[in-house]
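Inspection log for the structure reproduced underneath, given as C-alpha cells.
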2 protein chains.
Amino acid sequence: MSLDERKKIILESIIKDYVETAEPVGSRAVVKKHGLNISAATVRNEMADLEEMGYLEQPYTSAGRIPSQLGYRYYVDCMMQKETLSEEEIELLQKIIRDNIHEWNEIIEKVSSFLAQATSYASFVIFPSLTLSKFKYLQILPIEDHKALVIAVTDSGLIMHRKIEVPPNIAEGDLETIAKAFNKALGGKRLNEITRTDLMLIRDSLKRRKKIIDRVLEAVEYMLAGSKEERIAISGTLNILNEPEFKDLEKLKKILAILEEDVLLRNLIPEDIKKEVEIRIGTENNIEGIKEISIVVSGYHTLGQKGKIGVIGPIRMEYWKAAGTVETVGKVLEQILKGQF
Amino acid sequence: MSLDERKKIILESIIKDYVETAEPVGSRAVVKKHGLNISAATVRNEMADLEEMGYLEQPYTSAGRIPSQLGYRYYVDCMMQKETLSEEEIELLQKIIRDNIHEWNEIIEKVSSFLAQATSYASFVIFPSLTLSKFKYLQILPIEDHKALVIAVTDSGLIMHRKIEVPPNIAEGDLETIAKAFNKALGGKRLNEITRTDLMLIRDSLKRRKKIIDRVLEAVEYMLAGSKEERIAISGTLNILNEPEFKDLEKLKKILAILEEDVLLRNLIPEDIKKEVEIRIGTENNIEGIKEISIVVSGYHTLGQKGKIGVIGPIRMEYWKAAGTVETVGKVLEQILKGQF
DNA sequence: GATTAGCACTCAACGAAGAAGAGTGCTAAC
DNA sequence: GTTAGCACTCTTCTTCGTTGAGTGCTAATC
C-alpha cells in the first residue's frame with residue numbers, strides 16, 4: 001500500500017516528533033514543525049485517514065496521534081534515510097578495534113560499548129562460534145601434584161584449556177606421547193569436523209595410560225563443545241532507564257531480566273538476518289510478556305562465519321540513526337577483522 | 001551506651017517489623033507482635049526515649065517509628081544473632097563449587113549467583129590476585145603467518161596468553177630458544193617477585209632475534225600486569241528492583257550504575273575486613289550521591305591471599321540473614337579451595 | 001515511680017470535584 | 001479539495017475535605 005507524498009510527510013513528521021518527545025503529536029504541531037503550506041484542519045483530515053489505514057493511533061479521543069507499529073514499519077520500509085556516523089566517530093571506532101585486536105573478548109566488549117554510547121540504546125555484539133577454525137596444537141602440561149593442564153590452540157589463535165587429574169608420579173614423556181597422538185590425528189582439522197570416531201581412534205591407537213587418555217578425551221570434548229558457543233557482549237543496558245516508556249517498574253524488570261540473562265537475550269536476537277540491517281519492531285519480536293521493544297541488528301563476516309551486532313531499544317526508537325550506526329559499525333568491524341584471521 | 005532489656009526488645013521488634021514491611025512501626029504493632037505484657041502507651045514512652053537516643057526516627061509527626069542508621073548499627077553490634085544456611089543449602093553450595101572446581105571464573109560466578117539467590121540481594125565474589133602464584137612455564141606457539149601465541153602457566157593452573165606478531169619465516173627453533181631462556185630465568189618465581197631487571201637480563205642473555213624477544217617481553221609484562229588484578233563476579237543486581245526504597249528511578253539509576261560498572265563497585269567494597277563479617281550501613285560507605293545502601297562482606301583465604309565475598313542491599317536489610325549467609329558461604333568456599341591449590 | 005487509659009491533635013493518603021488546556025471532529029463556507 | 005470556526009472530549013492539575021493510623025500529653029491507677 002502506497003501513500004501520497006503529503007501523507008508521507010505527515011507520517012514522518014509525526015514519527016520524528018513523537019520519537020523525540022514521547023508525547024502525542026497534534027495537527028498544529030505538524031504544521032508548525034514543517035512549515036507546511038496547509039492548515040491544521042487539512043492535516044487533521046489526513047491524520048484521520050492515516051489512522052484509518054492503521055499507521056497512526058490515538059491514545060484517547062481528542063489526544064494527538066502517535067505512530068502505530070505498522071506506521072513505524074511503513075516508515076522503515078519505504079521512507080527511512082539511514083543516518084550514519086561521522087568521520088571522526090568512525091576513526092575512533094577503528095582505533096578502538098585495532099587497539100584490542102589481540103583479544104576477541106576485548107573487541108566485542110569495546111565495540112558493543114561504543115555502539116551503546118553512539119546510539120544510547122542497549123547494544124550487543126555476537127562473535128561467531130569457532131567451529132570452522134582448525135585444530136592446531138594440543139599440549140598436556142603437568143602443573144601440580146595431581147593435576148595437568150590440557151591446552152588446545154586453533155589456527156585463528158583461540159586458546160582453550162582445562163585442568164585434568166593425573167597420577168602424581170606421571171612421567172612427562174607419557175604426557176608428551178599422548179599429546180603427540182592427538183596432534184597427529186587432529187592437526188589441521190576443522191573443529192566441527194572432529195568426530196567422536198576420531199577421538200575413539202586416538203584412544204585405540206595408544207596402549208598405555210588409558211585412564212589419563214580418557215581424561216584428556218573428556219577435556220577435548222568439553223573444549224569442542226565450548227567452541228560451538230557464540231560469545232556475546234552486552235552494553236548500555238542502563239540506557240533503557242532513560243526511556244519514559246519504561247518508568248513502569250514491572251516493564252522495566254521484565255526487560256532488564258532479558259538483557260541480563262544470556263539465554264533470554266540470545267533467544268530474542270533474530271536467527272536469520274536477510275537484509276543488511278534487520279529491524280524488528282514491537283510484537284514482531286515474539287517474546288512473551290514484552291511488546292514494547294524493538295531490535296535493529298546487522299551481520300558481519302569473520303572466520304568464515306557470521307557474527308551479529310545490534311541494538312535494543314523502545315519501539316519509539318530513532319530507527320534511522322540506529323540502522324545506520326549498526327550497519328556502519330558492523331562493516332568497519334568486518335573490514336578490520338578481515339585483515340586479521 | 002547500653003540499653004535495658006525492654007528497650008532492646010522494642011528496638012529489635014521495630015527493626016524486624018520494618019525490615020519485613022518497609023512501613024513505619026507503631027506502638028500497637030510492637031505490643032501485638034511480641035505479645036508483650038505492657039501497654040502501647042508504655043511502649044510509646046520507650047520509643048520516645050529510643051528516638052531521643054538516636055536509635056529510631058519518625059518520618060513525620062505522628063507516624064510510626066523506623067530504625068535509624070544508628071539503630072541498625074546498635075542492633076548489629078550488640079544484639080544480632082546470625083542466621084545461617086540449612087544443611088541442605090550448604091550441601092548444594094558444596095556441590096556447586098566442586099562441580100566447577102576446574103575454573104575460577106566459573107566458581108566465583110556460580111557462588112555469587114548462589115549467594116544472590118540465598119539472600120535476595122545483589123552479591124559479589126572477588127577472587128584474589130595471582131601475584132603469589134609461581135611462574136611455571138612459558139611457551140611460544142606459531143599460529144598463523146605473522147602471529148605467534150605466548151602462553152604462560154602458573155603452578156596454580158592459571159593460564160595467561162597473548163598474541164604477538166612475528167616475521168613470517170621464523171624458525172620454530174628460534175622461538176623455542178627464546179622460550180627456554182624465559183623458563184630458565186623465571187621458572188619457580190612468584191609473579192610478584194619478577195622484576196623488570198629479571199626481564200632485562202633475559203633480553204641481554206640472548207644474542208639474536210631481539211625484535212621478537214621484545215614482543216615476548218611486552219606480552220609477559222602485559223600478563224604480569226593482568227595477574228595483579230582481582231577478578232570479580234556480580235550477581236542478582238536485579239534484586240534491588242524489588243526493594244520499595246528504590247522505586248524512585250533516580251536512586252535506582254545511581255545504584256545500578258555502580259553495580260554495573262566494575263570500577264565503581266570495587267571502590268565501594270571495603271578494603272580491610274577486620275572482623276569475620278564486616279557490615280557497612282548507609283553512609284558508613286562513603287560513596288557520593290548514595291546513602292541508602294548497606295554492604296555485608298566477609299573474607300576467605302586462598303592462594304595465600306584474601307578474597308572477598310559479600311552482598312549489597314538496602315539499609316533496610318536482613319542483616320542477621322545476610323551476615324550469617326555471607327560468613328558461611330565464605331567459609332565453605334575457603335575450605336573447598338584449600339584442598340585445591 | 002512506673003504504668004496505663006483516654007483523648008485531642010497531627011499529618012499522610014485518598015478521592016471527589018472543578019478548572020484548565022490541548023486537540024479533535026464536524027459543519028459550513030470558500 | 002481546503003479551511004475557519006466551534007462545540008465537544010478527555011487528560012491533567014489543583015484544591016479541598018475526609019479518613020485513619022499513630023502520636024503525645026494528662027490524669028488516674030497500681
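In what follows, chains are A, B, ... by sequence order, proteins preceding strands, each numbered from 1.
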**OP:** State which residues pass side chain to side chain donor-acceptor pair (under 3.5 Å) with Thr119(A); sequence neighbours excluded, sorted by chain then number.
**Re:**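 Result, side chain to side chain donor-acceptor pair (under 3.5 Å) vs Thr119(A): none returned.
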Original post:
What residues form a side chain to side chain donor-acceptor pair (under 3.5 Å) with Thr328(B), not counting sequence neighbours?
Top reply: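 Applying side chain to side chain donor-acceptor pair (under 3.5 Å) to Thr328(B) gives Thr84(B).
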Subject >> Glu46(A): salt bridge (charged side-chain N to carboxylate O under 4.0 Å, His left out) partners, not counting sequence neighbours >> reply: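 Per chain and number, Glu46(A) pairs via salt bridge (charged side-chain N to carboxylate O under 4.0 Å, His left out) with Arg6(A), Lys7(A).
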Subject >> By salt bridge (charged side-chain N to carboxylate O under 4.0 Å, His left out) - contacts of Arg73(A) (at least two apart) >> reply: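 Salt bridge (charged side-chain N to carboxylate O under 4.0 Å, His left out) list for Arg73(A), sorted by chain: Asp77(A), Glu284(A).
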Measure from [atom1] on [X] to [atom2] on [N] and round the result to the nearest Å.
X: Glu51(A); N: dG23(C); atom1: CD; atom2: P; answer: 15 Å
X: Asp49(B); N: dT23(D); atom1: CG; atom2: P; answer: 14 Å
X: Met47(A); N: dC26(C); atom1: CE; atom2: P; answer: 14 Å
X: Glu23(B); N: dA13(C); atom1: CD; atom2: C1'; answer: 11 Å
X: Ile10(B); N: dT23(D); atom1: CD1; atom2: P; answer: 12 Å
X: Asp17(A); N: dG23(C); atom1: CG; atom2: C1'; answer: 14 Å

Original post:
In terms of side-chain geometry, is the basic nitrogen of Glu20(B) or Lys33(B) positioned less than 4.0 Å from the acidic oxygen of its partner?
Top reply: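 Here Glu20(B) pairs with Lys33(B) in a salt bridge, since their nearest N and O are under 4.0 Å apart.
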Original post:
Do Glu250(B) and Lys253(B) meet the salt-bridge criterion of a basic N to acidic O distance under 4.0 Å?
Top reply: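 Looking at Glu250(B) together with Lys253(B), the answer is yes, because their closest N to O distance falls below 4.0 Å.
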Original post:
Taking the side chain as C-beta and beyond, is there a heavy-atom pair between Asp17(A) and Val30(A) under 4.5 Å?
Top reply: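 Answer no - side chains too far apart.
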Subject >> Phosphate contact (dT10(C) OP1 or OP2) by Gln58(B) side-chain N/O below 4.0 Å >> reply: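 Checking Gln58(B) against dT10(C): no side-chain N or O falls below 4.0 Å of OP1 or OP2.
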Any N/O pairs under 3.5 Å between the protein and nucleotides 1-5 of chain C? List them or say none.
| from | atom 1 | to | atom 2 | distance (Å) |
| --- | --- | --- | --- | --- |
| dT3(C) | OP1 | Arg6(B) | NH1 | 2.8 |
| dT3(C) | OP2 | Arg6(B) | NH2 | 2.9 |
| dT4(C) | OP2 | Ser39(B) | N | 2.9 |
| dT4(C) | OP2 | Ser39(B) | OG | 3.3 |
| dT4(C) | OP2 | Thr42(B) | OG1 | 2.3 |
| dT4(C) | O5' | Ser39(B) | OG | 3.4 |

**OP:** Please check if the side chain of Tyr121(B) supplies one atom and the backbone of Glu318(B) the other of a donor-acceptor pair under 3.5 Å.
**Re:**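 The answer is yes, because a donor-acceptor pair under 3.5 Å joins these two groups.
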Original post:
Quick one, which residues of residues 59-72 of chain B touch DNA chain C with a heavy atom under 4.0 Å?
Top reply: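 Residues of residues 59-72 of chain B that come under 4.0 Å of DNA chain C are, in numerical order, Tyr60(B), Thr61(B), Ser62(B).
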